Amino acid sequence: MESIFSKIVAGQIPCYKVAENDSFLAFLDINPLAKGHVLVIPKVQVDYIFDLDEETFIQLHLFAKSVAIAMKKAITCNRIGVTVIGLEVPHAHIHLIPINEVNDMNFSNKKLTLSSSEMLDIANHINSFF
Ligand code: 5GP
């Protein structure tokens, strides 16, 4: 079955795109922990990140690194936190989250509600540094 992220890759569901190449896509998390919370995915649908073939696994992380560098330029924060959870969507993805302190990475925190124009502005702003 197609994951929701495969539908995003296929353009069947919209996203706030941050960066893309032939094999990988970065877009804003729809329920962000922080402004500029990004998900980085391989376009190929594999549920568990450690089931990715080695080359895709490595290239996914290199792509995530270039996205994180752009995020750090675009957003005022101490670090870009990186984590993998994968309990909700069965399509491998890396969370990149602008953080100032360790608690900013707590997925139990209340999610932000941002307008679509704010989301679009953030995605375009990060993209301008990519
Ligand atoms: P995880 O699988 O890592 O536990 O969580 C999946 C993440 O994907 C969550 O942070 C959730 O907000 C995000 N998410 C779920 N569905 C969508 C969607 O349709 N679009 C976007 N942009 N993010 C989603």
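Treat the numbers as computed from the prediction; the structure is a model and nothing was measured. The figures that follow rest on heavy atoms only: side chains count, while hydrogens, waters and symmetry mates do not. All ligand and atom numbering here is 1-based and tracks the order in the structure.
Of all protein heavy atoms, the one lying nearest to atom 24 (C) of ligand 1 is I30 CG2, 3.6 Å. Given atom 6 (C) of ligand 1, the protein heavy atom at minimum distance is H93 NE2, 3.6 Å. Regarding atom 11 (C) of ligand 1, its nearest protein heavy-atom neighbour is D29 OD1, 3.4 Å.
Ligand 1 lies less than 4.0 angstrom from a heavy atom belonging to F5. Within the structure, ligand 1 has G86 among the residues with a heavy atom less than 4.0 angstrom away.
The closest non-hydrogen atom to atom 15 (C) of ligand 1, taken over E88, H91, H95, K111, comes from E88. Which of I8, V84, T83 comes nearest to atom 20 (N) of ligand 1 through a heavy atom is settled by distance: it is I8.
In summary, the atoms of ligand 1 found under 4.0 Å from a heavy atom of I4, numbered by their order in the structure, are 19 (O). Counting the atoms of ligand 1 from 1 in the order shown, those under 4.0 Å from a heavy atom of N31 are 12 (O). Of all atoms in ligand 1, numbered sequentially from 1 with element shown, those under 4.0 Å from a heavy atom of F27 are 21 (C), 22 (N).
Between L87 and ligand 1, a contact under 3.5 Å exists for at least one N or O pair. Looking at L28 next to ligand 1, an N or O pair under 3.5 Å apart turns up. Annotation: L39 places no N or O atom under 3.5 Å from an N or O atom of ligand 1; distance criterion only.
For the atom pair CG (L96) and OG1 (T83), the distance works out to 10.0 Å, reported to the nearest 0.5 Å. Rounding to the nearest 0.5 Å places CG of L112 at 9.0 Å from CE of M119.
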**Asked** When you look at L114 and I122, which way does the side-chain contact (heavy atoms from CB on, under 4.5 Å) test go after all the steps?
**Response** CA-CA 10 Å; L114 301 174; I122 296 163; 3.9 Å; yes
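Aromatic pair H93/H95: centroids less than 6.0 angstrom apart.
When heavy-atom distances to ligand 1 are checked against a 4.0 Å cut-off, F107 has no atom that comes that close, whether in backbone or side chain.
The two residues P42 and L52 make their nearest non-hydrogen contact at CG-CD2, 4.1 Å. Across every non-hydrogen atom of A68 and I80, the tightest pair is O-CG1, 3.6 Å. Residues L120 and Y16 come closest through the heavy atom pair N-CD2, 3.7 Å.
Using the six-membered ring where Trp is involved, H61 and F57 have ring planes that are tilted, between 30° and 60° apart.
In the displayed structure, K43 atom NZ is contacted under 6.0 Å by more than 12 heavy atoms of other residues, nucleotides or ligands.
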